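So the structure is just underneath, and the comments pick up after that.
Quick caveat, the model's predicted, so the values are computed rather than measured.
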Amino acid sequence: MDRREFLKTAGVTAAGLILAQKLPGVSFAADNASRNSGKPVVYFTRELSANSLKKMYGLVNQPLTGRIAVKLHTGEPNGPNIIPAAWVKELFPSIPNATIVETNVFYGGPRSTTEGHRRTLAINGWDFAPVDIMDADGDVNLPVPGGKWFSEIAMGKTMVNYDSMLVLTHFKGHAMGGFGGSLKNIGIGCASGLVGKKQLHQNGSSRWGHSGERFMENMVESGKAILNHFGPRMAYINVLRNMSVDCDYAGVGAAPVTTPDIGILASTDILAVDQAAVDLVYALPAEQRHDLVERIESRQGLRQLSYMKEMGMGSKEYDLVSVD
């Protein structure tokens, strides 16, 4: 799909600048104008650093109160593409009452057990803050308002111990979801390993039976349960860096990165922040976006965005405000 056609189809009113290059049909909104437009704001910076991560957090942290769960994908052992733990370590003093939260995985590997998961956390440098593997002692069912496929999803049991959630996401491709943004980070990443992830993935006797649009809708309904639980007390940061077509669960086996780094996005609207990330990828020159766009479209990944809109989880239109 031509990038202008995509941006028009997506209803985008503002996208952004990539690195130092201006792209056709892509512009920023003025911050003061965006506050009066009625559209959610998505903040953007090209700078990829611990300092810029702290700056972006400061722009969207107002809804976060009480005990704050910081949802990360902490990665497989020595995974090369995850958000650098050193960046998050510098960010953490700015987040009061914060705990990193994760759940065990559904596939085989060290993170399929709590013991193995904790060893991996230490290997990858996530030992500077408390880490709660939320399903270590079981799960809790959260309702899915208006769900087509589910009335409830099993989440890590201790999720209900938190008042707010910061969704801190490495945006990249995904073998089944096409792309992994904030929605995937919570929709799959908060579901309990033994029950919730089985609900989302397994179809009958086929462990990975759900795919395509159905899998996207499953992820969205899981995310809807989490948004319903926390209400407005959520914020989202997408880091568009080291964007392999593979998710961070691929670890050292992830496909080589062929998409250039873009920057960091932050918002209090989950659909807007994921839409903006996808828009910025599509706005890249064809040869730079090819592999990641092929992964997104071959898995019907854009259904994540359209179904979030149908489920009332945010806005596909947004104002992008540069903070550089």
Side-chain angles (χ1 to χ4, degrees), residues 48-50 53-54 57 64 67-140 154-162 164-172 174-175 180-182 184-198 200 222 226 235-239 241-244 246-254:
L48 287 155
S49 69
L53 188 61
K54 287 189 287 185
Y57 168 74
L64 305 180
R67 294 191 63 191
I68 300 173
V70 180
K71 178 62 186 74
L72 283 156
H73 193 311
T74 53
E76 294 298 324
N78 301 304
N81 297 326
I82 60 175
I83 297 174
W87 292 8
V88 184
K89 183 178 180 179
E90 288 195 37
L91 170 66
F92 244 67
S94 304
I95 312 176
N97 300 315
T99 301
I100 295 171
V101 298
E102 269 278 32
T103 57
N104 292 323
V105 301
F106 189 50
Y107 54 87
R111 295 170 66 238
S112 62
T113 67
T114 299
E115 181 182 6
H117 203 154
R118 291 209 174 276
R119 286 196 297 267
T120 303
L121 289 166
I123 290 169
N124 286 349
W126 302 107
D127 51 2
F128 57 83
V131 181
D132 180 7
I133 299 175
M134 295 187 292
D135 60 338
D137 294 317
D139 44 62
V140 61
M155 303 294 174
K157 184 177 182 178
T158 60
M159 180 184 290
V160 296
N161 294 342
Y162 299 95
S164 307
M165 179 173 280
L166 171 65
V167 184
L168 181 50
T169 302
H170 172 222
F171 186 91
K172 66 282 180 182
H174 190 272
S182 288
K184 183 268 172 188
N185 191 5
I186 60 171
I188 298 297
C190 291
S192 64
L194 291 177
V195 181
K197 290 182 176 68
K198 182 177 181 180
L200 300 174
S222 183
I226 297 165
Y236 311 91
I237 298 175
N238 281 350
V239 179
R241 166 190 177 274
N242 286 18
M243 292 180 286
S244 170
D246 288 326
C247 183
D248 293 332
Y249 64 64
V252 295

The test is side-chain contact (heavy atoms from CB on, under 4.5 Å); show your working for L194 and D135 and say whether it passes. CA-CA 9 Å; L194 291 177; D135 60 338; over 6 Å; no

Closest non-hydrogen contact found for N81 with A254 is ND2-CB, 3.9 Å

List the residues meeting ring pair (Phe, Tyr, Trp, His ring centres under 6.0 Å) with H170, not counting sequence neighbours, and say none if there are none. none

Side chain to side chain, M155 and C190, heavy atoms closer than 4.5 Å: yes

So, applying ring pair (Phe, Tyr, Trp, His ring centres under 6.0 Å) with F92, which one of W126, F128, W87 is it? F128

Test V167 against L72 for side-chain contact (heavy atoms from CB on, under 4.5 Å), laying out the working first. CA-CA 7 Å; V167 184; L72 283 156; over 6 Å; no

Nearest-0.5 Å distance that lies between atom CD1 in I133 and atom CG in L121: 5.5 Å

Y57 and I68: which non-hydrogen atoms are nearest, and at how many Å? OH-CD1, 4.5 Å

With no hydrogens and no angle check, is any side-chain donor or acceptor of S222 less than 3.5 Å from a backbone partner on G187? yes

Can you name the closest pair of heavy atoms from I123 and N78 and give their distance? CG2-OD1, 3.6 Å

Rounding to 0.5 Å, atoms OG (S192) and CG (D139) come to a distance of 4.0 Å

Are V239 and T169 packed together at the side-chain level, in the sense that at least one heavy-atom pair is separated by less than 4.5 angstrom? no

Does a side chain donor of either N185 or Y236 reach within less than 3.5 Å of an acceptor in the other side chain? no

Indicate yes or no: at least one non-hydrogen side-chain atom of C247 is less than 4.5 angstrom from one of H73. yes

Distance (rounded to the nearest 0.5 Å) between I95 CD1 and S164 OG: 11.5 Å

Test side-chain contact (heavy atoms from CB on, under 4.5 Å) on M159 and I226; report intermediate values, then the result. CA-CA 9 Å; M159 180 184 290; I226 297 165; 4.2 Å; yes

Show the atom names and distances, to 0.1 Å, of all donor-acceptor pairs under 3.5 Å that link a side chain in residues 96-112 to residues at least two apart or in another chain.
residue, atom, partner, partner atom, Å
E102, OE1, K71, NZ, 3.3
E102, OE2, T74, N, 2.8
E102, OE2, T74, OG1, 2.9
E102, OE2, R111, NH2, 3.2
T103, OG1, G189, O, 2.7
T103, OG1, A191, O, 3.2
T103, OG1, K197, NZ, 2.6
N104, OD1, H117, ND1, 2.9
N104, ND2, T114, OG1, 3.0
Y107, OH, E76, OE2, 2.6
Y107, OH, R111, NH1, 3.1
R111, NE, H117, NE2, 3.4
R111, NH1, E76, OE2, 3.1
S112, OG, G109, O, 2.7

Around atom NZ of K54, are there more than 12 heavy atoms from other residues, nucleotides or ligands closer than 6.0 Å? yes

D132 CG to N161 CG distance, which is reported to the nearest 0.5 Å: 7.5 Å

Quick one: pull up OG in S182 and CE in M165 and give me the separation to the nearest 0.5 Å. 11.5 Å

Is the distance between the ring centroids of Y249 and H174 under 6.0 Å? yes

Steps toward side-chain contact (heavy atoms from CB on, under 4.5 Å) verdict (D137, T158): CA-CA 8 Å; D137 294 317; T158 60; 5.8 Å; no

